[in-house]
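Scroll down for the structure; my scribbles are underneath it.
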Amino acid sequence: MNLRTALPAALERNRNFFLSLLNASTTLSHLAQAHAQIIVGGYRNDISTVTKLTHKLCDLRAIGYARDLFLSVSKPDLFLFNVVIKGYSTNGSPRSSMSLFAHLRKNTGLRPDNFTYFFAVSASAGFRDEKVGTVLHSQAIVDGFGFDLFIGSALVDLYLKFSKLELAKKLFDEMPERDTVLWNTMISGLVKNCCFEDSVLVFKDMVADAEIRLDSTSLAAVLPAAGELHQLRVGMGIQSLATKLGLHSHVHILTGLISFYSKCGDTGTATLLFDQIDRPDLVSYNAMISGYTCNNETDSSLRLFKELLALGERANSSTIVGLIPVFFPFGHLGLTLCIHCFCVKSGMVSNPAISTALTTVYSRLNEIELARQVFDESIEKSLASWNAMISGYTQNGLTDAAIHLFQNMQTSKVQPNPVTVTSILSACAQLGALSLGKWVHNLVKREGFHSNIYMLQSGVSPSGVTFLSALYACSHAGLVTEGDRIFHSMVHDHGVEPLAEHYACMVDIFGRAGKLEKALEFIERMPVEPGPAIWGALLGACMIHKDTRLAHLASKRLFELDPENVGYYVLLSNIYSVDKNYPQAASIRQVVRRRSLAKTPGCTLIEVGGLPHVFTSGDRSHPQTKAIYAKLENLMGKMTEAGFQAETVTALHDVEDEEKELMVKVHSEKLAIAFGLISTEPGSEIRIIKNLRVCIDCHTATKFISKITGRDIVVRDANRFHHFKDGICSCGDYW
DNA sequence: GTAGGGTTAG
């Protein structure tokens with residue numbers, strides 16, 4: 001648009017003219033032209049015109065320009081201050097916002113008003129904790145804005161952003177009046193803190209309040225909670241409410257319902273709703289893609305993803321996260337590796353949401369090393385990614401690693417939230433053995449997570465937590481008698497009913513100290529049925545003290561109570577192996593296999609002609625299987641001639657050497673390399689990705705292959721890159 | 001006397 005020609009020359013250039021000129025400006029260049037006209041027209045000192053211009057500049061992210069303009073005004077009024085305070089904050093400079101706010105209070109005769117406080121509080125959400133916000137809160141109360149709805153909502157939002165649930169709830173309860181936005185803020189904030197049940201409760205309170213109008217935001221905010229809780233009735237109730245309010249075709253609500261039905265396993269209804277959206281946007285596509293993914297409908301998921309790309313829409317990180325099969329009960333390693341590969345290539349892997357999703361899915365696949373690798377390589381570690389890695393360790397039974405990482409998190413100055421604490425407490429319950437009990441307790445106390453109706457599902461009451469931390473301390477210090485005494489005192493003197501965590505902790509105290517019989521006696525005397533946490537604690541102790549008999553007993557119970565948890569089987573099998581009882585160890589692994597709980601086998605990915613090919617060990621499913629095995633046979637002959645000997649040390653203990661040789665010969669990386677050799681140009685580089693650490697036999701074999709074929713072979717394994725060239729590997733045989 | 005500044009959601 002050429003503003004000069006757009007102007008009828010006769011039009012009078014008054015203030016309204018310049019204001020509408022500014023309103024019509026949509027680019028920085030428009031604003032610069034308008035600014036020039038304002039100067040020429042003699043309106044450079046007109047405060048309302050300058051305020052409007054400053055506002056528009058901030059909106060277009062020209063904060064430097066806006067600041068210069070602000071500084072050129074000799075006596076800025078409160079309006080202009082407010083605009084610039086907001087401008088700094090929306091341009092990512094909360095510090096400048098606060099400096100200007102302080103300057104306004106100290107050095108001008110102006111008094112901050114409700115707008116000023118609202119902008120300042122919003123800006124303070126940009127800091128790393130809620131401290132500045134709380135100071136503003138008290139100042140606002142002093143200045144008489146304690147009950148302002150805008151400021152109140154911004155504060156509730158801020159407290160919830162930093163998981164200060166107690167503070168948010170207190171403020172919310174104390175507000176003399178609550179409007180729709182305040183209610184909505186509370187609900188969505190609880191959802192963000194994974195307090196799903198509470199958010200539904202608050203929503204129900206809101207519905208019950210006849211004075212309060214529900215809007216699309218209210219319904220859209222609570223829908224994720226209904227989905228997470230799999231509460232079909234709640235979700236359908238929201239749906240009929242939406243119809244009653246005439247909001248049923250609102251895109252946010254339809255999208256929310258798609259997520260909801262998908263989470264409840266009903267992709268049929270979700271699909272119908274998706275088809276009702278006139279022009280689905282990226283968020284709607286993402287919801288549907290993720291819905292298909294989490295219901296294991298990979299084909300539909302990929303089909304919709306392609307449809308999205310065909311529309312010319314750019315997939316964002318949420319799209320990819322939705323494609324990553326985080327929800328599959330037994331995962332989908334091949335697909336995950338493909339997506340991982342795609343993310344590395346497109347640079348999206350550095351996105352915190354994506355690395356978090358990859359960390360989570362690898363953890364669930366028991367690929368904890370791959371999970372850790374992704375975590376370590378992510379440059380910007382969000383709270384969610386710390387949580388994912390910690391709970392990954394917890395779920396894989398690696399309690400010590402979970403605690404260790406939790407400590408690292410503390411040194412990295414990342415504030416834990418209730419999700420973190422829940423993970424850590426569940427680690428406590430798992431094997432009982434945490435030295436951090438006291439510390440966790442202090443944290444819970446300091447952060448106000450406890451005695452809070454919103455929050456933690458662990459069911460540990462504050463006084464229960466206090467005892468728990470004391471018991472942890474005993475467990476750590478090996479104070480058996482002391483622990484026994486504390487437990488007794490807790491029950492008899494303080495009337496605290498012990499929870500599974502307390503019992504598990506006691507078993508751990510006895511078990512760690514080698515008093516396994518005493519631990520068993522304790523379990524047998526428990527007034528409640530011992531759960532997995534208790535037997536898990538005993539099993540862990542048996543592992544330390546190599547007590548096969550008790551281990552067997554504990555595992556038997558665990559298999560009954562928690563048959564899906566592969567970790568116990570592995571532990572037991574290891575105990576037998578240590579005892580050199582290979583037939584028993586093998587039979588345990590047999591059970592695992594029979595129940596298809598086996599660890600996902602090693603697999604290798606190679607990309608040829610833009611298509612990923614995934615091989616598992618002994619794989620014969622590839623269309624070119626015959627050629628691949630023939631190539632491998634041919635290679636083995638040449639390798640043996642060149643002095644290659646199969647390495648078998650790392651293979652299973654209980655098979656004959658010849659059989660072992662047969663087994664390693666068809667490891668997935670060898671198949672992938674053989675395929676690479678027959679399907680790519682001679683002399684070109686071969687790149688493969690292996691989900692596990694490459695085994696010594698494959699490593700040696702690859703060195704030979706690189707020499708014999710004259711190919712460079714790059715292997716990315718769970719630990720590192722290996723660059724094979726002319727019979728030598730870049731890792732120096734150390735990995 | 002007037003203009004110029006405000007929140008939550010899929």
Side-chain angles (χ1 to χ4, degrees), chain A residues 14-20 22-23 43 46-59 69-70 73 76-87 89-90 112-123 125 145 148-158 160-161 172 178-192 199 202-203 206 212-227 235 238 242 247 249-263 270 273-274 277 280-288 290-291 318 322:
Chain A
N14 59 14
R15 173 186 288 149
N16 281 341
F17 164 76
F18 289 116
L19 289 177
S20 47
L22 288 169
N23 269 329
Y43 274 75
D46 182 73
I47 189 78
S48 36
T49 308
V50 172
T51 305
K52 184 75 187 168
L53 175 57
T54 312
H55 187 200
K56 292 290 279 189
L57 285 169
C58 291
D59 280 353
L69 192 60
F70 171 70
V73 177
D77 66 0
L78 190 58
F79 266 72
L80 186 52
F81 265 101
N82 288 348
V83 164
V84 181
I85 287 171
K86 183 199 179 203
S89 129
T90 53
D113 66 1
N114 49 341
F115 282 85
T116 323
Y117 273 109
F118 173 73
F119 295 138
V121 170
S122 304
F145 300 114
D148 182 277
L149 274 168
F150 278 91
I151 299 168
S153 294
L155 280 166
V156 166
D157 197 38
L158 170 111
L160 289 168
K161 178 177 177 189
F172 180 82
R178 286 180 274 272
D179 65 358
T180 300
V181 174
L182 183 57
W183 281 96
N184 292 350
T185 306
M186 194 69 203
I187 293 166
S188 71
L190 286 169
V191 170
K192 279 179 208 147
S199 70
V202 174
F203 177 76
M206 184 182 182
I212 299 297
R213 187 180 49 86
L214 290 156
D215 62 9
S216 63
T217 307
S218 330
L219 305 190
V222 76
L223 269 173
I238 297 168
L247 298 167
S249 51
H250 193 289
V251 66
H252 283 196
I253 289 176
L254 282 171
T255 308
L257 285 169
I258 290 167
S259 301
F260 166 75
Y261 278 110
S262 302
K263 280 178 194 156
L273 291 165
F274 184 75
I277 304 178
D281 62 7
L282 185 57
V283 186
S284 308
Y285 266 99
N286 291 351
M288 198 64 242
S290 148
S318 304

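All values derive from a computational prediction rather than experimental measurement. Naming: A, B, ... by sequence-line order, numbering from 1 per chain.
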Between dT7(B), dT2(B), dG6(B), spot the one nearest the side chain of F115(A), thanks.
-> dG6(B)
Closest to side chain of S216(A), choosing from dA9(B), dT7(B), dA3(B) | dA9(B)
Across the strands shown, which category fits D59(A) at heavy-atom distances under 4.0 angstrom: base, sugar-phosphate, nothing?
-> nothing
Rounded to the nearest angstrom, tell me the gap between atom NZ in K86(A) and atom C1' in dG4(B).
-> 13 Å
Per V251(A) side chain, nearest of listed nucleotides dG10(B), dA9(B), dT7(B) | dG10(B)
Can you find a side-chain donor-acceptor pair between D215(A) and S218(A) that sits under 3.5 Å?
-> yes
Can a side chain N or O of K192(A) be found less than 4.0 Å away from OP1 or OP2 on dA9(B)?
-> yes
Describe the nucleic acid contact of F81(A) in one word from base, sugar-phosphate, nothing, applying a heavy-atom distance below 4.0 Å.
-> nothing
Select base, sugar-phosphate, or nothing to describe what N286(A) touches, counting heavy atoms under 4.0 Å on all strands.
-> nothing
Has F118(A) got its ring stacked on the base of dG6(B), with centres under 5.5 Å and planes less than 30° apart?
-> no
Does dA9(B) have H252(A) stacked on its base, where the ring centres are within less than 5.5 Å and the planes differ by under 30°?
-> no
Quick one: which of dA3(B), dG6(B), dT7(B) gets closest to the side chain of D148(A)?
-> dG6(B)
Fit a plane to each ring of F70(A) and F81(A), take the angle between them on a 0 to 90° scale, and name the class: parallel (under 30°), tilted (30 to 60°) or perpendicular (over 60°).
-> perpendicular
Separation of dA3(B) C1' from L19(A) CG (nearest whole Å) | 7 Å
Indicate, yes or no, whether a donor-acceptor pair under 3.5 Å links the base of dG4(B) to the side chain of D77(A).
-> yes
How is K56(A) classified with respect to the nucleic acid when contacts are heavy atoms under 4.0 Å: base, sugar-phosphate, or nothing?
-> nothing
Roughly how many Å is it from NZ in K161(A) to C1' in dA9(B), rounded to a whole number?
-> 17 Å
Classify the side chain of T255(A) versus the base of dG10(B) as yes if they form a donor-acceptor pair under 3.5 Å and no if they do not.
-> yes
In whole angstroms, how far is the P atom of dG6(B) from the CD1 atom of I151(A)?
-> 15 Å
Spacing of L247(A) atom CG relative to dG10(B) atom C1', expressed in whole Å | 13 Å
Could you give the CG-to-P distance, from L158(A) to dT7(B), as a whole number of Å?
-> 16 Å
Whether F115(A) and F119(A) hold their rings parallel, tilted or perpendicular, with breakpoints at 30° and 60° = tilted
Does any pair with a residue in residues 251-263 of chain A pass salt bridge (charged side-chain N to carboxylate O under 4.0 Å, His left out), and if so which ones, sequence neighbours excluded?
-> E228(A)-K263(A)
Taking only residues two or more places apart in sequence, or in another chain, which ones meet Y117(A) in a ring-ring contact (aromatic ring centres under 6.0 Å, His included)?
-> F101(A), F145(A)
What nucleotide among dA9(B), dT7(B), dG10(B) has an atom nearest to a side-chain atom of F150(A)?
-> dT7(B)
For T185(A), report the nucleic acid contact type (base, sugar-phosphate, nothing); a contact means any heavy atom under 4.0 Å.
-> sugar-phosphate
Would you classify V283(A) as touching base, sugar-phosphate or nothing, given that sugar-phosphate means primed atoms plus P, OP1 and OP2, and contacts are heavy atoms under 4.0 Å?
-> base
D157(A), nearest nucleotide to its side chain (from dG10(B), dA3(B), dT8(B)) | dT8(B)
Roughly, in whole Å, what's the span from CD1 in I212(A) to P in dT8(B)?
-> 18 Å
Between dA9(B), dT7(B), dG6(B), which nucleotide gets closest to the side-chain atoms of F119(A)?
-> dG6(B)
Could you tell me whether the side chain of S284(A) has a donor or acceptor atom within less than 3.5 Å of a complementary atom in the base of dG10(B)?
-> yes
Is the Lys NZ or Arg CZ of R178(A) less than 6.0 Å from the centre of F172(A)'s six-membered ring, within 45° of the axis?
-> yes
Rounded to the nearest Å, what distance is computed from the CG atom of residue L155(A) to the C1' atom of nucleotide dT8(B)?
-> 14 Å
